[in-house]
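I have placed the structure first, in the form of structure tokens, so that the comments after it can refer back to it.
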Amino acid sequence: MTSSTSTPRRSLLTLSSARRPIAWAALAILFASLVSSAQADDRTPPPWEFTDPKHDPYNPLQYIANNTLSAIAISLVLFVALLQTFMLWRQGGLCMLAMVIGEYTWSVGFGTRFGLHTQPDSQGIYIAYYLFIVLSPCAFIASEYMLLGRLARYLKSHRHLLIPPQRITIVFVVSDITTFLIQAAGALLSISKNQKLSKTGEHIFLAGLVLQLVSFALFIILALRFLYRIKTMDPHVWTVDAAQPWHRDWRTLGAVLIVSSIGILVRCVYRVIELSQGYRGHLATTEAFFYALDSLPLFIAVAVYTPFWPGRMIPTIDQLAKMDKAPAGDERSSAEETKA
């Protein structure tokens, strides 16, 4: 998967039309969080705010966030984000830009847990925390969509995708943004002091999570079908990198895509079950579940790309974004053309 041509560096601020909605969505998260955090809490915390958080009616977590775990989480996420930012700058791979941005906003979410440790009854801090933690993974999902399209272009195996590569990003990213906005709207309504409106917001938020789960599950099926059809129907394409080391083989990147997607899928399932129990259900009010079923799967999903950075494994990956559908009858992959 090596190439004699060098990939020109592009500014991290240069976004394609498919990625601009993600940037606006990220700004929407930030704006909503700042507005929500500005709301003043006019409630008097009970005397047992720290000694018995499980029975504190104003503590949405029903526990005191562990600062040690928060520090470990934010350190690991920022380390991966900074490392991938450097690789993105040096080696390219703009299809992963949304994921890198999402890692920074995700780390902000972990940072707000320090505030919840000292002010567990703060509604404003909780809103900011929830928006950043729950909505940031939408950016991770967007990168998965774009990467599959790049792989299909690289291999010129368009016929094995149910959706053309030049449309797969648009179709699924539009789906991702739609579910993002549904979740954001539901989350903002759910904080209303009107109990009926709050319950409606909770249902809207759950609907957004379910739609996201269905959309992403369909994407994983599409990706698995794509890999299976290449292996069984185009063995020459499947083995095009057989002579390369395994860490330079496109099949390794395909496997990493699946592993990462499964991590995100586990988190999506967890969030749907969690919210179906309500904001004060057993899953939502147990810190161990938050780290084991939400944070850990997502961290694996983003960190797994660090040793297998798409910009290094496919040096021409940013150029592939400009490719149209391969002409009929031309089944040679970009890798084969490079070797030729």
Side-chain angles (χ1 to χ4, degrees), residues 1-27 29-30 73-110 132 135-154 165 168-170 172-173 176-177 247-250 252-261 263-264 298-323 334-335:
M1 298 174 68
T2 57
S3 173
S4 57
T5 59
S6 59
T7 304
R9 294 180 185 174
R10 295 173 60 184
S11 170
L12 299 185
L13 299 177
T14 305
L15 303 179
S16 68
S17 58
R19 282 185 286 270
R20 288 191 189 106
I22 296 297
W24 284 111
L27 290 175
I29 297 177
L30 180 59
I74 195 172
S75 298
L76 290 174
V77 173
L78 281 178
F79 175 75
V80 171
L82 291 170
L83 194 58
Q84 291 185 357
T85 298
F86 176 76
M87 291 189 293
L88 183 61
W89 174 63
R90 289 294 299 242
Q91 300 170 338
L94 284 175
C95 60
M96 308 303 292
L97 177 59
M99 179 175 286
V100 173
I101 293 174
E103 289 164 4
Y104 285 111
T105 59
W106 194 35
S107 68
V108 172
F110 284 113
F132 278 110
L135 300 182
S136 291
C138 293
F140 305 163
I141 293 174
S143 282
E144 307 282 15
Y145 295 154
M146 288 184 273
L147 180 57
L148 180 61
R150 301 295 190 273
L151 273 177
R153 286 186 173 100
Y154 173 70
I168 192 170
T169 297
I170 296 175
F172 281 104
V173 167
D176 192 35
I177 293 174
H247 57 276
R248 291 282 185 176
D249 194 325
W250 78 265
T252 301
L253 187 57
V256 169
L257 171 66
I258 298 301
V259 170
S260 177
S261 297
I264 295 176
L298 283 179
F299 180 74
I300 293 174
V302 298
V304 72
Y305 282 110
T306 304
F308 307 106
W309 189 249
R312 182 176 66 250
M313 299 189 73
I314 305 178
T316 58
I317 193 167
D318 290 338
Q319 299 172 18
L320 297 174
K322 303 176 182 179
M323 290 176 56
S334 296

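Quantities reported herein were computed from a predicted structural model and do not represent experimental measurements. Atoms considered below: every heavy atom in the structure, side chains included; atoms not considered: hydrogens, waters and symmetry mates.
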Quiz item: Quick one: does Ile264's side chain get under 4.5 Å of Pro137's, heavy atoms only?
Solution: no
Quiz item: So how far is it from Trp106 CH2 to Leu78 CG, rounded to the nearest 0.5 Å?
Solution: 11.0 Å
Self-check item: side chain to side chain donor-acceptor pair (under 3.5 Å) against Ser260, all qualifying residues, sequence neighbours excluded
Solution: Glu144
Quiz item: Do any N or O atoms from the side chain of Arg150 and from the backbone of Gln319 form a donor-acceptor pair under 3.5 angstrom?
Solution: no
Practice problem: Output all residues satisfying side chain to side chain donor-acceptor pair (under 3.5 Å) with Glu103, sequence neighbours left out; order by chain, then residue number. | Solution: none
Quiz item: How close do Ser136 and Thr105 get, heavy atom to heavy atom, and via which atoms?
Solution: OG-OG1, 2.7 Å
Quiz prompt | Test side-chain contact (heavy atoms from CB on, under 4.5 Å) applied to Phe86 - qualifying residues, sequence neighbours left out | solution = Trp89, Arg90
Self-check item: Closest heavy-atom pair and its distance - Met313, Thr252
Solution: CE-CB, 4.0 Å
Exercise. Of all the heavy-atom pairs spanning Phe110 and Ile74, show the shortest one and how long it is.
Key: CB-CB, 4.1 Å
Quiz prompt | Closest heavy-atom pair and its distance - Gln84, Thr306 | solution = NE2-OG1, 3.1 Å
Quiz item: Should Phe299 and Val77 count as side-chain neighbours, where that means a heavy-atom distance under 4.5 Å?
Solution: yes
Self-check item: CD1-CG distance between Ile314 and Leu147, expressed to the nearest 0.5 angstrom
Solution: 7.0 Å
Practice problem: Using side chain to side chain donor-acceptor pair (under 3.5 Å) as the criterion, list what pairs up with Tyr145, not counting sequence neighbours. | Solution: none
Practice problem: Evaluate side chain to side chain donor-acceptor pair (under 3.5 Å) for Ser143 paired with Tyr305, printing each intermediate quantity in order. | Solution: CA-CA 11 Å; Ser143 282; Tyr305 282 110; over 6 Å; no
Quiz item: Atom CH2 of Trp309 and atom CD of Gln91: how far apart are they, to the nearest 0.5 Å?
Solution: 9.0 Å
Quiz item: Could you give the distance from OH (Tyr104) to OG1 (Thr85), rounded to the nearest 0.5 Å?
Solution: 3.0 Å
Quiz item: About how many Å separate CE of Met146 and CG of Leu151, when rounded to the nearest 0.5 Å?
Solution: 13.5 Å
Acceptor/donor pairs from residues 92-100 side chains to any protein atom, 3.5 angstrom cut, sequence neighbours excluded:
none

Exercise. Check the pair Val173, Ile177 against side chain to side chain contact (heavy atoms under 4.5 Å, CB included), reporting the backbone distance first and the verdict last.
Key: CA-CA 6 Å; Val173 167; Ile177 293 174; 3.9 Å; yes
Quiz prompt | Those residues that, when tested against Ile300, pass side-chain contact (heavy atoms from CB on, under 4.5 Å) (two or more places apart) | solution = Leu296
Quiz item: Rounded to the nearest 0.5 Å, what separation is found between the CZ atom of Arg153 and the CD1 atom of Ile168?
Solution: 9.5 Å
